[in-house]
Amino acid sequence: MAKTACALHILVDNEKLTNVLLVELKRGVSFDTLARKYSGCPSKRHGGSLGEFIKGSMVAAFDKAVFSIPLLKPHGSVKTQFGYHIIKVLYRSGGGRSLPPPPLKAAVC
């Protein structure tokens, strides 16, 4: 079972906007671009990157999603007390890596 994860997210204040952004992501708009434009989280300055974090360090609904959704596929909407999130998990580690981390020059974490 993974103990750490590296993820990106976009935080908005309504579910309708998450649905619009998910469509844009499917059309090929980059996660980085949408996070920088729409996210209400300070992580938007880094394209939504939360870096690597330990399981249990995020609020429950967010943590549950990060450690259960498919890797590298934007997922949403996840509701927390902060708003609605679109989450993209880059990798999980600890107890067997699901996928290797991206190459160093392409890493956002």
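Note that the structure is predicted; figures quoted are calculated from it, not measured.
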How long is the straight-line distance from CG of L50 back to SG of C6, given to the nearest 0.5 Å? 8.0 Å
Quick one, E52 with S93, criterion side chain to side chain contact (heavy atoms under 4.5 Å, CB included). Give me CA distance, side-chain angles, the key distance, then yes/no. CA-CA 9 Å; E52 187 173 81; S93 62; 3.8 Å; yes
Which atoms form the tightest heavy-atom contact between A7 and I87, and what is the distance? CB-CG2, 4.4 Å
Assess the residue pair H85 and T80 against the criterion (side chain to side chain donor-acceptor pair (under 3.5 Å)); give the C-alpha distance rounded to whole Å, side-chain angles, the decisive distance to 0.1 Å, and a yes or no. CA-CA 8 Å; H85 305 261; T80 70; 2.8 Å; yes
Non-neighbouring partners of N14 that pass side chain to side chain contact (heavy atoms under 4.5 Å, CB included), sequence neighbours left out: K16, L17
Pairs touching residues 19-43 that satisfy ring-ring contact (aromatic ring centres under 6.0 Å, His included), sequence neighbours left out: none
Distance col, row L21:CG vs S39:OG, nearest 0.5 angstrom, shows 9.5 Å
Show every salt bridge (charged side-chain N to carboxylate O under 4.0 Å, His left out) that has at least one partner inside residues 36-49, sequence neighbours left out. D32-R36
Is any side-chain heavy atom of L8 closer than 4.5 Å to a side-chain heavy atom of L90? yes
When rounded to the nearest 0.5 Å, the distance separating NZ of K3 from CZ of R92 is 15.5 Å
Heavy-atom side-chain contact between I86 and H75 under 4.5 Å: no
What distance do E15 atom CD and Y84 atom OH have between them, rounded to the nearest 0.5 Å? 5.5 Å
State which residues pass side chain to side chain contact (heavy atoms under 4.5 Å, CB included) with V29; sequence neighbours excluded, sorted by chain then number. E24, T33, L34
Taking distance alone, no hydrogens or angles, what donor-acceptor pairs closer than 3.5 Å link side-chain atoms of residues 61-74 to residues at least two apart or in another chain?
residue	atom	partner	partner atom	Å
D63	OD1	G56	N	3.0
D63	OD2	G56	N	3.1
S68	OG	K64	O	2.7
S68	OG	A65	O	3.4

Who pairs with S43 by side chain to side chain donor-acceptor pair (under 3.5 Å), at least two apart in sequence or on another chain? H9
Is there side-chain contact between L11 and F82, with heavy atoms separated by less than 4.5 Å? yes
